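Here the structure is laid out as structure tokens; the discussion comes afterwards.
On a predicted model such as this, the values are computed, not experimentally measured, just so you know. All heavy atoms count here, side chains included; hydrogens, waters and symmetry mates do not.
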Amino acid sequence: NDVLYPYLAGIKTFKYFKVYNRFNQLMFETTNPDVGWNGSRNGTPQPMAIYIWIASGIANDGSAVELKGQTLLLR
């Protein structure tokens, strides 16, 4: 995959999707679920590494949802 997108199964309202590097620097942030991270920051390709993502929203039942995970950027 060339772009990392949030998966919105069971989510009624999407709040944000953020990607951080291992130094806790924000690499990418969006409030639009149709916009994903392409592995760059300000147009500069980032190095191969593990990146942390956080997604937040409201579930179909009205409860708050915040999911976290890791992704490996390969070039």
Side-chain angles (χ1 to χ4, degrees):
N1 298 336
D2 293 333
V3 179
L4 179 65
Y5 293 98
Y7 181 65
L8 302 179
I11 301 297
K12 176 175 58 173
T13 305
F14 177 73
K15 290 185 179 179
Y16 61 81
F17 176 63
K18 298 178 182 182
V19 178
Y20 294 89
N21 67 8
R22 64 183 175 156
F23 304 110
N24 203 30
Q25 294 173 316
L26 183 64
M27 298 284 106
F28 174 78
E29 178 179 20
T30 186
T31 57
N32 181 349
D34 297 326
V35 176
W37 183 52
N38 65 0
S40 65
R41 180 179 185 209
N42 299 326
T44 303
Q46 295 303 297
M48 291 192 320
I50 300 245
Y51 292 83
I52 307 300
W53 57 264
I54 301 173
S56 180
I58 305 294
N60 289 332
D61 65 2
S63 63
V65 175
E66 182 173 280
L67 298 174
K68 300 175 184 179
Q70 302 174 2
T71 190
L72 174 61
L73 177 63
L74 296 174
R75 299 227 174 254

So which pairs with a foot in residues 55-75 pass ring pair (Phe, Tyr, Trp, His ring centres under 6.0 Å), sequence neighbours left out?
none

Is it true that D61 and S63 share a donor-acceptor pair across their side chains at a distance under 3.5 Å?
yes

Between I11 and V19, is there a shared hydrophobic cluster once you connect ILVMFWY residues whose side-chain heavy atoms come closer than 4.5 Å?
yes

With a 4.5 Å cut-off on side-chain heavy atoms, are L8 and F17 touching?
no

Where A64 and I58 come nearest, the two heavy atoms and their spacing
CA-CD1, 4.3 Å

Which distance, rounded to the nearest 0.5 Å, do you find between the NZ of K18 and the OG1 of T31?
10.5 Å

In the single-linkage hydrophobic clustering (I, L, V, M, F, W, Y; side-chain heavy atoms under 4.5 Å), do Y7 and L4 co-cluster?
no

What is the distance from atom CD1 of I54 to atom CD of E29, rounded to the nearest 0.5 Å?
10.5 Å

What's the shortest heavy-atom distance between P33 and Y5, and which atoms?
O-CD2, 4.0 Å

Distance (rounded to the nearest 0.5 Å) between I52 CD1 and L26 CG:
13.0 Å

Sequence neighbours excluded - ring pair (Phe, Tyr, Trp, His ring centres under 6.0 Å) pairs with any residue from residues 45-72
W37-Y51

Show which side-chain atoms of residues 66-75 pair as donor or acceptor with protein atoms under 3.5 Å away, not counting sequence neighbours.
from : atom 1 : to  : atom 2 : distance (Å)
E66  : OE1    : Y16 : OH     : 2.9
R75  : NE     : Q46 : O      : 3.0
R75  : NH2    : G39 : O      : 2.6
R75  : NH2    : Q46 : O      : 3.3

Can a side-chain donor-acceptor contact be found between S40 and N38 if the only test is distance below 3.5 angstrom?
yes

